[in-house]
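Scroll down for the structure; my scribbles are underneath it.
Reckoned from all heavy atoms, side chains included, excluding hydrogens, waters and symmetry mates. Note that ligands are numbered from 1 as they come in the structure, with each ligand's atoms numbered from 1 the same way.
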Amino acid sequence: MKKNKRDFLRLTDFSAGEVDALLKRSLALKRRWEKGLPDRSLAGKCIGLIFDKASTRTRVSFEVAMRQLGGSSIYLDPGTTQIKRGESVADSARVLSRYLDGIVLRTFDHTIVEEWSRWASVPIVNGLTDLLHPCQIFCDLLTIVEKKKTYRGLKVAYIGDGNNVANSWVEAASMLDFSLTMACPKWYEPDAQILKEAREKVKGRITVTQDPYEAVRGADIVYTDVWASMGQEEEREERLKTFQGYQVNANLVEKAGKDALVMHCLPAHAGEEISAEVLESSRSIVFDQAENRLHGQKGILEFLLKTFQPQRSQRTQRVKRKE
Ligand code: CP
Ligand code: NVA
């Protein structure tokens with residue numbers, strides 16, 4: 001069936017040209033917001049948020065983004081919907097597509113968002129899975145463009161766990177003109193398949209080492225994330241031991257470029273992956289970064305919800321059901 005909607009499950013769902021256009025539009029929306037100018041581009045539109053994991057930034061920034069663009073949102077606690085009681089993704093997605101103009105999902109296995117994307121006739125946005133966190137990295141690119149004028153030609157150093165945030169960085173580096181050097185302990189590298197495909201696309205621009213000092217040399221951006229992500233709580237003690245030596249602290253940041261900025265998607269565990277000193281230092285831009293979740297996601301929402309008009313009733317797919 002021909003799809004007349006777009007999803008944002010991973011960075012590579014957008015072309016490089018679209019990323020640039022959306023960054024530009026997001027910045028323009030931010031400037032309007034700073035001047036107190038109202039926007040109504042999503043008036044009458046409503047998105048649903050279905051979160052299987054905790055969230056502060058993603059949930060609130062998406063909800064506020066919709067309101068500031070004249071639309072609205074509904075937070076659907078999975079525990080109080082029929083989803084938790086076993087209603088299938090195929091049925092839930094087809095029903096919710098009759099009411100909503102888009103759905104933001106945060107869940108565990110990435111195949112779940114792919115399944116929603118298959119059945120929903122409205123855009124599905126990945127608000128974080130175990131594999132990827134594309135909204136985060138898109139909005140981080142916005143912060144980098146604001147602070148450094150461009151991401152082009154920069155060197156981003158990612159220090160720590162090769163997790164969902166790291167995987168989305170790899171995808172970003174596979175399509176945009178910047179270099180990415182990652183320092184991860186052995187066995188904690190980014191997803192092997194994502195890394196392989198990315199490296200095939202941009203030979204030599206994505207490097208993985210076990211040495212954080214090597215990774216930050218000459219870096220414009222030093223980025224880190226927690227050592228134990230949501231869902232890995234049981235591995236926490238073991239990970240704390242494994243990741244010793246991978247903390248972004250003053251000693252490490254000193255070895256980066258002289259104007260290097262420090263980023264973290266938050267929430268942070270000060271004293272673990274990042275020292276309290278660096279987190280609160282003048283190089284740290286983590287709160288500007290958090291704010292830009294709001295502005296970047298406005299760009300994403302406008303693009304997905306305005307560009308494509310779902311024809312709901314004509315487009316409902318049929319399932320072969322077992323008797
Ligand atoms: N960075 C981020 O996604 O934060 P939340 O988990 O609070 O949404
Ligand atoms: N890697 C972290 C990111 C949180 C925004 C996690 O998945 O918990």
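Side-chain rings of F14 and F303 approach one another, their centers coming within less than 6.0 Å.
Protein heavy atom at the shortest distance from atom 3 (C) of ligand 2 is D225 OD2, 3.6 Å. Distance from atom 8 (O) of ligand 2 to its nearest protein heavy atom, with residue and atom name: M230 N, 2.8 Å.
Near N164, meaning under 4.0 Å from one of its heavy atoms, ligand 2 places the atoms 1 (N), 2 (C), 6 (C), 7 (O). Taking every heavy atom of N163 and a limit of under 4.0 angstrom, the matching atoms of ligand 2 come to 1 (N).
Assignment of L266 to the shell around ligand 2 is supported, since a heavy atom sits closer than 4.0 Å.
With a heavy-atom cut-off of 4.0 Å, L128 touches ligand 2 through its side chain alone.
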task: Assess whether salt bridge (Lys or Arg N to Asp or Glu O under 4.0 Å) is satisfied between R31 and E146, documenting all intermediate values.
output: CA-CA 11 Å; R31 298 292 165 252; E146 262 195 317; 3.0 Å; yes
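Sorted by chain then number, the residues whose non-hydrogen atoms approach ligand 1 to under 4.0 Å are S55, T56, R57, T58, R106, H133, Q136, C265, L266, R293.
Under 4.0 Å is where a charged nitrogen must lie from a carboxylate oxygen, and between R67 and E63 at least one such pair does. Ion pairing of R152 with D20 is present here, as a side-chain N (NZ or NE/NH1/NH2) and a carboxylate O approach within less than 4.0 Å. Residues R32 and D39 are paired through a salt bridge, judged by an N-O separation under 4.0 Å between the basic side chain and the carboxylate. A salt bridge links R239 with E235: the distance from a Lys NZ or Arg NE/NH1/NH2 to an Asp or Glu carboxylate oxygen falls below 4.0 Å. Between R118 and E114, none of the side-chain N atoms (NZ, or NE/NH1/NH2) sits under 4.0 Å from a carboxylate O, so this pair counts as no salt bridge.
For the pair R106 and ligand 2, the shortest N or O to N or O distance does not fall below 3.5 Å.
Using a 30° and 60° split on the angle between ring planes, Y223 and Y158 fall in the parallel class, below 30°.
At least one donor-acceptor pair under 3.5 Å links the side chain of E189 to the backbone N or O of W187.
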